[in-house]
Amino acid sequence: MHSDMLTPDFETTQNLDELHLKLEQINVKNGWNKPTPSLYPEPRQRYVPAHWRYADARAALHAAGRLVGTEWAERRNLILANPIEGNDYPTVTTMVAAYQMVKSGEKARSHRHTPNAMRIIMESTSPAYTIVSGVNVPMEPGDVLLTPNWHYHGHDNRSDTDAYWIDILDAPTVQLLGPMFFEHHPDAVEKTEKVDPDSSMRFAFRDYRPQLLAQPEAVPGVRMLGLGEGMVETFDRTAIGLAAGTVWKQPRKTASDIFVVVEGEGTSSVGGRQFAWARGDVIAVPSWIAQEHRAMQDAILIRVSDTPLLQALNWVREEK
Ligand code: GTQ
Ligand code: FE2
């Protein structure tokens with residue numbers, strides 16, 4: 001602790017070692033001899049490319065279904081923490097992905113939080129809903145659902161099969177910047193007024209799939225369709241159609257991506273790591289790591305990227 005009593009006498013300092021010791025007493029670090037540079041010529045990435053298989057996550061969640069109840073667990077989810085030393089949360093710097101399961105006949109109580117969230121549905125039969133602001137929004141396989149900042153949301157699986165999906169949230173960004181708020185709905189599970197299959201929070205697979213396939217090719221074998229552009233400030237969602245045999249290469253860029261496979265099979269090379277993927281798998285592409293995706297069959301990927309956040313700050317760049 002610095003106090004006036006201990007104020008060092010800088011005038012009498014004879015050498016650098018002595019000066020550095022005195023700097024500690026006034027709670028400053030020298031900027032000329034830092035062990036790690038604060039500014040560097042290009043991004044330094046600590047997160048690594050990673051791949052999670054739906055087959056593994058599904059088996060784990062099925063077991064959790066016997067052992068973890070939504071009565072006490074807010075959500076029955078598996079966090080896809082980037083596999084680096086000491087990390088237990090972010091998938092990439094700004095976002096976290098998780099697999100979640102709600103059993104047949106089960107509900108997950110309503111809450112709201114400042115992190116923006118989305119889900120990509122893998123398995124679900126009717127009637128199963130995410131309740132968004134008091135409206136039942138149907139969940140069908142391949143659907144993309146949004147629950148933006150501070151919207152109440154809960155889950156209600158009234159069907160006779162268990163529902164599985166993938167959540168993506170910008171919670172790591174909220175943790176970094178500080179504005180985290182979370183609260184439960186006063187009614188535990190929010191009362192609902194109606195079912196709205198055409199909710200603006202829903203991008204139904206049965207709608208976006210034909211729209212995607214009707215797009216002109218952006219580059220040979222690659223089609224792209226934005227889902228709900230501008231609806232979330234921090235991350236965007238792009239459906240990417242890859243025709244069988246296509247190799248789609250992307251340079252290093254400042255945005256980070258999380259890919260979810262909604263159709264088909266293929267392989268990806270991310271920063272030299274090879275991943276063989278199938279429906280329901282998740283691939284993390286941290287920023288400033290090159291990526292290449294090969295479709296073995298016609299495939300559809302949902303890419304969730306923090307580009308809008310970087311765009312707002314004028315930090316979007318990619319390697320030429
Ligand atoms: O379903 O509301 O995976 O709030 C993490 C936090 C899911 C959700 C997650 C959440 C939710
Ligand atoms: Fe939530």
Side-chain angles (χ1 to χ4, degrees), residues 50 52 54 56-58 60-62 64-65 68-82 87-92 94-104 106-124 128-140 143-159 162-176 179-190 192 199 201-203 231-235 237 258-260 280-282 284 302 304 306:
W52 292 267
Y54 180 47
D56 296 336
R58 190 188 191 285
L61 278 174
H62 190 263
V68 181
T70 52
E71 293 306 314
W72 62 274
E74 187 75 15
R75 296 294 186 254
R76 181 189 293 110
N77 58 358
L78 300 174
I79 295 163
L80 310 189
N82 193 275
N87 180 46
D88 67 0
Y89 199 54
T91 303
V92 294
T94 50
M95 301 180 287
V96 62
Y99 285 98
Q100 180 170 175
M101 191 264 269
V102 175
K103 289 200 278 187
S104 167
E106 195 176 54
K107 296 176 199 299
R109 43 181 191 275
S110 297
H111 64 209
R112 60 181 177 180
H113 39 67
T114 46
N116 295 281
M118 61 170 286
R119 325 180 193 286
I120 301 172
I121 310 305
M122 284 302 133
E123 292 176 53
S124 176
Y129 308 110
T130 282
I131 305 161
V132 189
S133 305
V135 174
N136 281 320
V137 181
M139 297 192 285
E140 293 179 22
D143 288 2
V144 175
L145 305 181
L146 299 182
T147 55
N149 180 359
W150 215 236
H151 284 58
Y152 275 118
H153 57 281
H155 312 301
D156 184 3
N157 183 359
R158 303 185 194 173
S159 80
D162 299 341
Y164 292 82
W165 64 79
I166 294 152
D167 299 304
I168 297 175
L169 292 84
D170 59 10
T173 301
V174 182
Q175 291 179 350
L176 174 70
M180 181 70 78
F181 294 91
F182 173 104
E183 63 189 30
H184 288 107
H185 193 279
D187 300 333
V189 178
E190 188 178 13
T192 54
S199 164
M201 298 300 168
R202 179 182 187 214
F203 302 88
M231 286 179 66
V232 173
E233 287 79 2
T234 51
F235 58 75
R237 301 141 305 282
I258 297 174
F259 286 86
V260 175
D281 289 9
V282 175
I302 302 293
V304 181
D306 62 9

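Computed from heavy atoms alone, side chains included, the values below leave out hydrogens, waters and symmetry copies. One-based numbering along the sequence shown. When a ligand or atom number is given, it counts from 1 through the structure's own listing order.
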Do you know the tightest heavy-atom contact between Val304 and Met95?
O-CE, 3.6 Å
Any donor-acceptor N/O pair, Thr234 side chain to Asp170 backbone, under 3.5 Å:
no
Sequence neighbours excluded, the answer for ring pair (Phe, Tyr, Trp, His ring centres under 6.0 Å) partners of His151 is none
Side-chain (Ser110) to main-chain (Val189) donor-acceptor, under 3.5 angstrom:
no
Note: Arg202-Glu140 ion pair, threshold 4.0 Å (strictly below):
yes
Restricting to ring pair (Phe, Tyr, Trp, His ring centres under 6.0 Å), what partner residues turn up for Tyr164, sequence neighbours left out?
none
Is the count of non-hydrogen atoms from other residues, nucleotides or ligands lying under 6.0 Å from His62 atom NE2 greater than 12?
no
Side chain of Thr114, backbone of Phe181: donor and acceptor closer than 3.5 Å?
yes
Kindly determine whether His111 and His153 satisfy ring-ring contact (aromatic ring centres under 6.0 Å, His included), including the steps that lead there.
CA-CA 6 Å; His111 64 209; His153 57 281; 4.6 Å; yes
Around the Fe ion (ligand 2), how many protein N, O or S atoms are closer than 2.8 Å?
3
Contacts for ligand 1, heavy atom under 4.0 Å, by chain and number, are Arg75, Asn77, Ala98, Gln100, His111, His113, Arg119, His153, His155, Asp167, Leu169
